Amino acid sequence: MSTSRTGLQDVGAAPGADVLETRLTGLSTEEFARDVWARKPLLTRRASDFSDLFSSDAVDELISRRGLRTPFLRVAKDGSTLPESAFTSSAGVGATIADQLDDTALWRAFADGATLVLQALQRTWGPVGEFGARLSAQLGHPVQANAYVSPPQSRGFDAHYDVHDVFVLQIGGTKRWLVHEPVHPDPLRDQPWTDHRSSVAEAARGAAHLDTVLEPGDVLYLPRGWLHAAEAQGGVSVHLTLGIHTWTRYALAEQLAQAALAALREDPRMRGTLPLGVDGPDGEIDRVREHLIAAVTKADSAPRFHRARRGQGRPAPLGPLAQLAAVDGLGPDTPVRLRAALEARLEGSRLITRVGWLDFSEADLPSVSRLLDGEARVAGELGVALVGRLLRAGVLVPAGE
């Protein structure tokens, strides 16, 4: 069964705080992992005041003043998505490419009952990006943020399931949610709901697992595969959806298989040509299977997994002017720290991050190792020359940034 809780009120959670507990669920990470994660929906009433993350004013700012382009916005009405040409245009002198949001066209679509979907807010709205990065670090899975802005009594999308987990944060207005049990549990990223369209439609006609109205401050967690549809009530509804793009055992199996195949490429026996006149695999499959099993047994998928993981996210924002000022003002007392969300790993004498890799001498390795805990340190403790190199590479940032 789904669970409902009354959460905590903590707007100003510290940067290192457990955001699951303080902002989203009222449960510790351990409780959430044990009882809820990937298992069942969780409704948390009055989880937090989210006005510090997003608002109706933020919607207007993004659409009318930020020069957003597609694909940072979708428009949907009655289950269908409008073509981009219906709400984009050029923006005059110096901005003539016709893929920019047209605020007049969007106003008309919204007034006609369309839902506006601001996508990838982790890239365009700072508070949402910072919160998503903290949640991603806590969960160990990449996080994407979208905002859904619906006029009164409107429905943007038909019942469907997502191929990622979601936290729905109600920001403004109210929205009714109908949640049904999965027809295809734990779907992979290439198994969208449209592959099961008829089953989804049939299940959505049955009794709902959860039928509830979200109010500002409420949070709804849905594991991937759970069917859902939502409809705004008497006023404009604004909610954030934090999509958790979960790593799966199947993804690990893919990484393991790729590592094994890479090893088999280096085996002359496996590169060998099949015997002349072979009609099929019957005479060779057992031999190939034996070598494949041996390769899988020996394969180390960790490097491939970590590369894929690094590719799924971005490091914390870096201001070029602040970084230049730090380089120019560098001295023994300059405080620095590792740039957040770098996914930095020291493999031997090589530091591998989301912004590239660097090799170090044996003398520098102890200082590099100390930096990986993310704590602030002064340049003189680490070596001014080393810190200068890491600042220029975008690996270190001023500790106040």
Side-chain angles (χ1 to χ4, degrees), residues 13-19 29 120-145 245 247 255 259 300-401:
D18 182 331
V19 294
T29 303
L121 283 174
Q122 76 276 6
R123 294 285 294 123
T124 60
W125 196 252
V128 172
E130 292 167 9
F131 186 83
R134 289 164 56 192
L135 181 61
S136 178
Q138 185 173 351
L139 297 177
H141 298 264
V143 174
Q144 176 188 347
H245 292 256
W247 289 102
Q255 303 295 335
D300 180 6
S301 62
R304 289 176 177 269
F305 172 78
H306 291 303
R307 283 199 297 273
R309 179 185 173 91
R310 285 194 296 270
Q312 288 290 317
R314 295 177 61 88
L318 182 72
L321 300 187
Q323 197 74 358
L324 178 60
V327 171
D328 288 345
L330 179 60
D333 296 328
T334 301
V336 294
R337 61 169 175 79
L338 189 71
R339 185 178 174 186
L342 271 187
E343 287 290 330
R345 295 176 59 84
L346 192 59
E347 298 181 1
S349 61
R350 176 168 292 179
L351 180 68
I352 301 175
T353 77
R354 279 184 169 140
V355 295
W357 55 266
L358 294 166
D359 286 327
F360 297 95
S361 68
E362 289 293 329
D364 283 336
L365 287 178
S367 292
V368 175
S369 297
R370 287 200 298 273
L371 286 166
L372 297 184
D373 63 10
E375 297 296 325
R377 287 179 166 81
V378 294
E381 172 191 344
L382 303 165
V384 174
L386 173 64
V387 169
R389 181 187 178 195
L390 293 173
L391 284 170
R392 290 183 178 88
V395 172
L396 293 184
V397 294
E401 296 299 316

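As the structure is a computational prediction, the values presented were derived from the model and not from experiment. Numbering starts at 1 and runs along the sequence shown. Scope of the values below: all heavy atoms of this structure, side chains included, with no hydrogens, waters or symmetry mates.
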(Q) With rounding to the nearest 0.5 angstrom, report the CZ to CG distance, Arg134 to Leu139. (A)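 Interatomic distance, Arg134 CZ to Leu139 CG, rounded to 0.5 Å: 12.5 Å.
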
Who pairs with [X] by side-chain contact (heavy atoms from CB on, under 4.5 Å), at least two apart in sequence or on another chain?
X: Glu347; result: Arg345, Ile352
X: Ala133; result: none
X: Thr29; result: Asp18, Leu20, Gln138
X: Ser301; result: Gln255, Leu256

Determine the minimum heavy-atom distance between [X] and [Y], stating which atoms define it.
X: Ala363; Y: Pro366; value: O-CD, 3.5 Å
X: Leu351; Y: Ala344; value: CD1-CB, 4.2 Å
X: Gly329; Y: Thr334; value: O-OG1, 3.5 Å

Name the atoms and distances for all side-chain donor-acceptor pairs under 3.5 Å in residues 312-322, with sequence neighbours left out.
none

Q.
Applying ring pair (Phe, Tyr, Trp, His ring centres under 6.0 Å) as the test, list every pair that has at least one member in residues 300-355; sequence neighbours left out.
A. Trp247-Phe305

Q: Only pairs at least two apart or in different chains count here, so list each ring pair (Phe, Tyr, Trp, His ring centres under 6.0 Å) that has a residue in residues 349-377.
A: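 Qualifying pairs, neighbours excluded: none.
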
Q) Are any of the side-chain heavy atoms of Val355 and Arg339 separated by less than 4.5 Å? A)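 When only atoms from C-beta onward are counted, Arg339 and Val355 do touch, with a gap below 4.5 Å.
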
Q: May I ask you to decide if Leu365's main-chain N or O and Ser369's side chain share a donor-acceptor pair within less than 3.5 Å?
A: yes

Q: Report the residues that fulfil side chain to side chain donor-acceptor pair (under 3.5 Å) with His245, sequence neighbours left out, ordered by chain and then residue number.
A: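 Scan of His245 (side chain to side chain donor-acceptor pair (under 3.5 Å), adjacent residues dropped) gives Gln144.
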
Q) Listed by chain and number, what are the side chain to side chain donor-acceptor pair (under 3.5 Å) partners of Glu343, not counting sequence neighbours? A) Arg309

Q: Check the surroundings of atom CZ in Arg123: do more than 12 heavy atoms from other residues, nucleotides or ligands lie under 6.0 Å from it?
A: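 Open.
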
In residues 377-399, what donor-acceptor pairs under 3.5 Å come from side-chain atoms, sequence neighbours left out?
residue: Arg377; atom: NE; partner: Glu381; partner atom: OE2; Å: 3.3
residue: Arg377; atom: NH1; partner: Arg370; partner atom: O; Å: 3.0
residue: Arg377; atom: NH1; partner: Asp373; partner atom: OD1; Å: 2.9
residue: Arg377; atom: NH1; partner: Asp373; partner atom: OD2; Å: 3.4
residue: Arg377; atom: NH2; partner: Asp373; partner atom: OD2; Å: 3.1
residue: Arg389; atom: NH1; partner: Asp359; partner atom: O; Å: 3.0
residue: Arg389; atom: NH2; partner: Asp359; partner atom: O; Å: 2.9
residue: Arg392; atom: NH1; partner: Gly388; partner atom: O; Å: 3.3

